[in-house]
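Notes follow the structure.
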Amino acid sequence: MTDLAWPPGLILLLGAAALPFARERLRSALILGLPALTLAAIWWWPLGTLVSVPFLDYQLELVRVTSEGRLFATVFAIMAFAGGLYALRQATTFELTAAYAYAGAAIGVTFAGDLITLFIFWELMAIGSTLVLWAAGTEGAYRASLRYLLIHLLGGVLLMAGIAAWVAETGSIAFTAMRPESLATWLILAGFLINAGAPPLSAWIADAYPEASPSGTVFLSAFTTKTAVYALLVGFPGAEILVPIGLYMVFYGILYALLENDMRRILAYSIVNQVGFMVVAIGIGTPLALNGAAAHAFAHILYKALLLMSAGSVLWMTQRRKCTDLGGLFQSMPVTTINGIVGALAISAFPFTSGFVTKSLETQAAANEGLALVWLLLLAASAGVFLHAGIKFPWFVFFQRDSGLRPPDPPANMRQAMWLFSFLCLAIGLFPQVLYGILPHPVDYQPYTLEHVVSQLQLLLFAGFAFFAMLPLMRRTLTISLDFDWFYRKFFKELLSEFSVRTSAFHGALTGRWRGRIERLVGNLSRHHGPQGTLARTWPTGSMVLWVAILLGASLLLYNR
């Protein structure tokens, strides 16, 4: 135990509270300096560091440094730095304050050693992310934030109920590996899965994230779903139910991304798809699979943020987000185009990018366990990822037909943030051992074998050929995709309205039918119990004594029987 340690996430949380009161130059220094200081604190404390404080009859472990937690906290801090740089000149102070509080809470989750501390930071994340949505300042963002908050309050209620049941069942609040074998653990698992975007509530990601500002969407893409991946990795490794859930997410994300016309919704659905890979790996539960889920989460935060920075730059400079309104932007936005392509190659697991050296850990884990069907489905899904994120996004946004738009590249800070993440995507792909060295389990895996490189290139070549062969079918039109969010956006709203109308009508009919009887009843009650009623009169003392004697005698007779 180290008494001087504190949760590194508090640096961002407290720093976020100071941002509104800082002058512009100091605020810029804080925006870039706070994540760097947080990253230093993450690596300052050695593995095994533990800080606990008493709370009621329990010891809250505010800091427990593990290899899994430090890995996720590291990429969260990097994300906060690059996100702050990207938003530096464009985002409002309110948005940056909310975003840094959100990032600090996510880092707090990764260092939480008990379920109560985890829950506190978990709910702070929900508040921070909702405020990031509100900061966009549009009607669409406000409505999406309300739906988003309702979903996460539901997840929080399930998680808290599960924690309470678990404590009652075991007497322990320690956050350790569990099995979904009791009501308590099923509730905890459900709370984690809602934040991961698991079915049937996957649609909240595509419903909410694209409504945020360009920089807000970048922040939102990084923390909520990946803290859920971390929680599943620590709390439910090897839970077999996660394999089919993850496979559903994988293909759900691909299907809806292929149907989508909005460039940011394409990438939002892609988040569900990518998290599905990680959930499958956690369900497999071997050391190689868990390493794959952790490494994939690390790489995914970087390349997904890069893709959303690219899309956000297009939105910032053109004020357009539909693929049908875009095209030909490579002519005037070369920096954005190049970085968007790097992100697209990384998410598609192209050799020499971060996706190639991280996703392959998961597919290899499935093969090693003899899960032939799972391996085959993950392989097919890799081709689907290349279709919707690797080709569709850059093709329709930067190439295809010429939209006639000639916007310049975005401001310098936005370009610098994109270059930083492009560098990291390529550096991890070229030097994977740096990332492998901080994974939870020892890694004995070589991604760059001739067989693996050739087979992956063949897969991507086939997917690319299929895309251009079916290009007429891939062209988007001005349509929308109906998802499960339709139920809570439209169906449940109409159902509630109908219920309110019928309830009002029934109440009116009931009141009319029984009005006379109710009035007579009220009149009788008033005559006896009202201010002038019989029971309100003043009675002589002797009468009261008589009644007391009668009641006392009756009670004695009943008692003697």
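Keep in mind that this is a model prediction, so the values were computed, not measured. Along the sequence shown, the residues carry numbers beginning at 1.
T217 places a side-chain N or O within donor-acceptor distance of the main-chain N or O of Y209, the cut-off being under 3.5 Å. Checked by atom type and distance alone, the side chain of K226 never pairs as donor or acceptor with a backbone atom of F72 at under 3.5 Å. Judged purely by atom type and a 3.5 angstrom limit, D262 has no side-chain atom pairing as donor or acceptor with the backbone of K322.
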Under the criterion side-chain contact (heavy atoms from CB on, under 4.5 Å), I'd like the reasoning laid out for L149 against L133: C-alpha separation, chi angles, the key distance, then a yes or no.
CA-CA 10 Å; L149 185 60; L133 267 170; over 6 Å; no
Residues M309, M414; criterion side-chain contact (heavy atoms from CB on, under 4.5 Å); working and verdict:
CA-CA 8 Å; M309 286 176 181; M414 300 175 80; over 6 Å; no
Taking it one step at a time, do L159 and N195 satisfy side-chain contact (heavy atoms from CB on, under 4.5 Å)?
CA-CA 11 Å; L159 179 59; N195 269 29; over 6 Å; no
Mind running side-chain contact (heavy atoms from CB on, under 4.5 Å) on L435 and L71 for me, showing each step along the way?
CA-CA 9 Å; L435 176 59; L71 174 75; 4.0 Å; yes
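To the nearest 0.5 angstrom, L326 atom CG is 9.0 Å from L315 atom CG. Summarising the geometry, atom CG belonging to L247 is positioned 9.0 Å from atom CZ belonging to F277; distances are rounded to the nearest 0.5 Å. Separation of atoms CG (L371) and OG1 (T363) is listed at 12.0 Å; rounding is to 0.5 Å. Atom CD of E68 and atom CG of N291 lie 9.0 Å apart (nearest 0.5 Å). Atoms CD1 and CG, from I78 and L420 in turn, are 8.5 Å apart once rounded to the nearest 0.5 Å. In this structure, the separation between CG on L201 and NE2 on H152 is 9.5 Å, given to the nearest 0.5 Å.
When side chains are defined from C-beta on, L302 does not count as touching L306, because their heavy atoms never get closer than 4.5 Å. Between K359 and V385 the shortest side-chain heavy-atom distance falls below 4.5 Å. At least one side-chain heavy atom of F81 sits less than 4.5 Å from a side-chain heavy atom of L32. Two residues are said to be in side-chain contact when any heavy atoms from C-beta on lie closer than 4.5 Å; S145 and T130 meet this criterion. P410 is listed as a side-chain neighbour of M418, based on a closest heavy-atom distance under 4.5 Å. Residues P394 and T337 have side chains not in contact (no heavy-atom distance under 4.5 Å, counting atoms from C-beta outward). A heavy-atom distance below 4.5 Å is not found between the side chains of V434 and I428. Put simply, the side chain of T336 does not reach to within 4.5 Å of the side chain of W316, judged on heavy atoms.
Classification of the Y448-F352 ring pair by plane angle, with boundaries at 30° and 60°, yields parallel.
No more than 12 heavy atoms of other residues, nucleotides or ligands lie within 6.0 Å of CD in E240, so this atom counts as exposed by the packing criterion.
Residues that satisfy the side-chain contact (heavy atoms from CB on, under 4.5 Å) test with Y252, not counting sequence neighbours, are S202, A203, Y248, Y256, Y269, V272, D483.
Between the side chains of S213 and E95, at least one donor N or O sits under 3.5 Å from an acceptor N or O. Neither side chain, Y303 nor S354, offers a donor N or O lying under 3.5 Å from an acceptor on the other.
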Please report, to 0.1 Å, the donor-acceptor pairs under 3.5 Å made by any side chain of residues 339-347, with sequence neighbours excluded.
from : atom 1 : to   : atom 2 : distance (Å)
N339 : OD1    : S422 : OG     : 2.4
N339 : ND2    : V335 : O      : 2.8

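Between W122 and F192, the ring center distance clears the sub-6.0 Å criterion.
Test F330, F386, F468 against W395 for ring pair (Phe, Tyr, Trp, His ring centres under 6.0 Å) and you get one pass: F468. When each of Y100, F223, Y102, F219 is tested with F76 by the rule ring pair (Phe, Tyr, Trp, His ring centres under 6.0 Å), just one qualifies, namely F223.
Stacking of R70 on the aromatic ring of W43 is recorded, both the 6.0 Å distance cut-off and the 45° axial limit being met.
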